[in-house]
2 protein chains.
Amino acid sequence: MEALNRQGLDERKRQILRAIVDDYIETAEPVGSRNLVDRHALNLSSATVRNEMSDLESLGYLEQPHTSAGRIPSDLGYREYVDHLMRVDELTPEESAAIRDRLRDSFDEVTELLRKASGVLASQTGYTSLAVTPRVRQSHLRQLKMLMIEPGRALVVVVLAAGVVKDRLVRIPDALDADMLARISSAIEEGLSGMRLEDITLVTVATAASRARLPETLLNQVLYEAYVSIKQADNLEVYLEGQHRMLEYPEFRDVDRARTYLEAIHRDGIIAGYLSEDSCPERDEEEDEADPRFAKTVDDQGTTAGIRRRCPYMIRIGQEISLDGMRDCSFVTTTYKVGDRIVGNIGVIGPKRMEYARVVSNIQFVRKALNENLRRLMVRYGKQGTEEDGR
Amino acid sequence: MEALNRQGLDERKRQILRAIVDDYIETAEPVGSRNLVDRHALNLSSATVRNEMSDLESLGYLEQPHTSAGRIPSDLGYREYVDHLMRVDELTPEESAAIRDRLRDSFDEVTELLRKASGVLASQTGYTSLAVTPRVRQSHLRQLKMLMIEPGRALVVVVLAAGVVKDRLVRIPDALDADMLARISSAIEEGLSGMRLEDITLVTVATAASRARLPETLLNQVLYEAYVSIKQADNLEVYLEGQHRMLEYPEFRDVDRARTYLEAIHRDGIIAGYLSEDSCPERDEEEDEADPRFAKTVDDQGTTAGIRRRCPYMIRIGQEISLDGMRDCSFVTTTYKVGDRIVGNIGVIGPKRMEYARVVSNIQFVRKALNENLRRLMVRYGKQGTEEDGR
DNA sequence: CCTTAGCACTCGAGACAAATGAGTGCTAAG
DNA sequence: CTTAGCACTCATTTGTCTCGAGTGCTAAGG
């Protein structure tokens, strides 16, 4: 009983654990043995289930809020559940059609598409969703234009491989006219085009700019602003949707908890940083995308056989999230691709007791739809983007 | 007693009402007669105060949650308080310096400045704050540039009088090259430059574009996108800050109320629309700005004299806000100016029981600092902006 | 006539105890 | 190994009681 057999639980324990997590996700109440046998057609007595539950508890999968209450899943229990037990169904045709519809709309901007994707996820799942703009550090600079707005002010437009565009208003010396500005920007562009963003330094920009053959006094401020604009292209933005939905769930009946959660979510840039630091599965997309559908739903028997599927999403549960104030939450995240090496994250934040299966199926579908749309954007308008981007 | 004398309350009633609102703002507890005389040095017995309170109640300024509880201010009571009773102090030099500091930072963009202003307001007051991007409908188009990003995609940059810049990625026909695009955009710019945004229609754009002398098939999509971009320049954005702070106040201990509030705040565009539809004081800014300080704090005697000061801020209390879910809140809003006729709003949302005086002094100062900064932006870089903008 | 002391009354909040019931662990029999 | 049975635990609910802040009213006093 204390054996903690690493190779996993026997079938009955698995069944019971699944049933418990399912119930708890649904009711948010500690689940007791009697109720469990009633609700699920387990051919067992409550006493037997009690014994099994006791085992599961000493194995670390369950917890008891107090004696004489039912059990609730521990983080480990959820982990087992999402890794091996839950049943992920495909979306119904109606659901997927609805999502496709909402995403298909007008958009020519990655950000617009991301906003929508986030909105879809939030309304589909009923939890908080987020989308992080792509990380472009590894991407190549394709264009850098500077547009005179009025004397002393210019718009710097940074175009990256894969058609990502960022811009920024900057101050420039008053003495600079449109022509000089154009000379500078094309000098910089020529010098830097094709370089990775992360390899561009103030020095490289300065070197490039010097070809413009203009007095340093004029040049310096401009090239500095250009440099900053390039660097800022990699600033991450987060689109949050449906934050207030969390307040509907009983775990947030406590206002303090709700506040902690909201504060955590808004703590500047923390979430973006956290999500981007370990961006889950690297090289399975091809296969994932090739599949007509993500047909890797786990079925009852399948799981027993112990097949280890690589999953295109990542789930972090409770303690696994090392952010203050999010210890009662879970993240389900995945990546999307713009072009070849530019990736970003989308995800759902919910209570630990979230409906993982539904979230996973939705997020996988949104990921797919998003990638499709982004690819379409590329193929139509950015062909040289993907080529140029060193494979 | 039932006389409801329109001309206002006698001095003692005013004093008592002020004391009650002050106390209630501080404690969030219904205030009783005895406590009131204790806390404020009223030279009255509690019985007298009780009588006065009873009067104030029948006049509609106070409410009783239930018999045997103290009184709380009604919406009318708050109204009287903010209009005639509260004492607005100037900020301490330290506070104003701190605000100036936080706003002075780097910025060349209106939006950046607005974000910061909103952040300052939130952290200074402890409530939720918001900033709405300026309404530019009445503003004049100064430039319209189209920048080729890659075949089939372009960036449309719209520059308005007063140096407001908006841009947008659009699709264009693949066949269009950079040169043609430049011709189109300069044709449109020439044709529309100087027009008010609100006067620009698809027809005027088309007429302007036709001067480019390019085949219609190429032209049409581009001019349509140009048109949309121009129209979208007037889309309002809202920057919210400190939403979660509201959850600290006892009126939002109830999660449902908190949720309603959060939902209301995020309901798309509602707040922006609401704020912008009646943008308070129109023509007193000159004077306000001229004053060394907003020295119009209401002092005890002054108010009795019934001077009607025009106030550069607007307060909406409870029921006066016609937005679902905001009935327990108050808005304190004001306008800022970019150039001559471009205005936007900033404001604070708090519980009805908010510290109006502190909020007002902060918001006035932020407004002033914001206007200064924006003016500086204008004067330095956008001189022709204010000239061109028809006075 | 206004103010104030006094008093009876109201009513929510908090404390406490008892009842309820869902759930457990253990044991002994099948 | 399973299961019926039983004693036990403990959070939650319900009811009762008290406490106290607050009110309105009345009658006496300046």
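Letters A, B, ... mirror the listed sequences (proteins, then strands); counts begin at 1. Everything quoted here is computed from the prediction, not taken from an experiment.
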Q) Strictly under 6.0 Å, is that where the ring centroids of B/Tyr78 and B/Tyr61 end up? A) no
In whole angstroms, the gap separating C1' of C/dA22 from CZ of A/Arg39 amounts to 15 Å
Problem - Ion pair B/Glu248/B/Arg245, N-O distance below 4.0 Å - result: no
Between CZ of A/Arg12 and C1' of D/dT3 the distance, given in whole Å, is 11 Å
Answer yes or no: are there more than 12 heavy-atom neighbours, outside A/Arg34 itself, under 6.0 Å from its atom CZ?
no
Nucleotides 23-30 of chain D: which of its N/O atoms have a protein N/O under 3.5 Å away?
unit_1: D/dT23; atom_1: OP1; unit_2: B/Arg71; atom_2: NH1; d: 3.3
unit_1: D/dT23; atom_1: OP2; unit_2: B/Ser33; atom_2: N; d: 3.2
unit_1: D/dT23; atom_1: OP2; unit_2: B/Ser33; atom_2: OG; d: 2.7
unit_1: D/dG24; atom_1: OP1; unit_2: B/Arg71; atom_2: NH2; d: 2.9
unit_1: D/dG24; atom_1: N7; unit_2: B/Arg50; atom_2: NE; d: 3.2
unit_1: D/dG24; atom_1: O6; unit_2: B/Arg50; atom_2: NH2; d: 3.2

- Item | Flag for B/Tyr261-B/Asp328: side-chain donor and acceptor within less than 3.5 Å | no
Note, DNA chain C 5' to 3' with Watson-Crick or G-U pairs under 3.5 Å encoded as ( ), [ ], | and . gives ||||||||||||||||||||||||||||||
To the nearest angstrom, the CD1-C1' distance between B/Ile16 and C/dC2 comes to 14 Å
Rounded to whole Å, the CD1-C1' distance (A/Ile20 to C/dG23) equals 13 Å
Atom CG of B/Asp55 and atom C1' of C/dT3 are separated, to the nearest Å, by 14 Å
* Are any of the side-chain nitrogens in A/Arg353 or A/Glu251 under 4.0 Å away from the carboxylate oxygens of its partner? -> yes
For this session: Look only at the side chain of A/Thr128 and the backbone of A/Gly242, and say whether a donor-acceptor pair between them is shorter than 3.5 Å.
Result: yes
Q) Where the side chain of A/Thr334 meets the backbone of A/Pro312, is there a donor-acceptor pair that is under 3.5 Å apart? A) yes
- Message: For the backbone of A/Gly32 and the side chain of A/Arg71, can you confirm whether one donor and one acceptor N or O come within less than 3.5 Å of each other?
- Response: no
For B/Gln243 and B/His266, test the side chains for any donor-to-acceptor distance below 3.5 angstrom and give the result as yes or no.
yes
Between CD of A/Glu29 and P of C/dG23 the distance, given in whole Å, is 9 Å
Whole-Å distance, B/Asp23 CG to D/dA21 P, equals 16 Å
Taken to the nearest whole Å, CG/A/Leu42 to P/D/dT3 is 11 Å
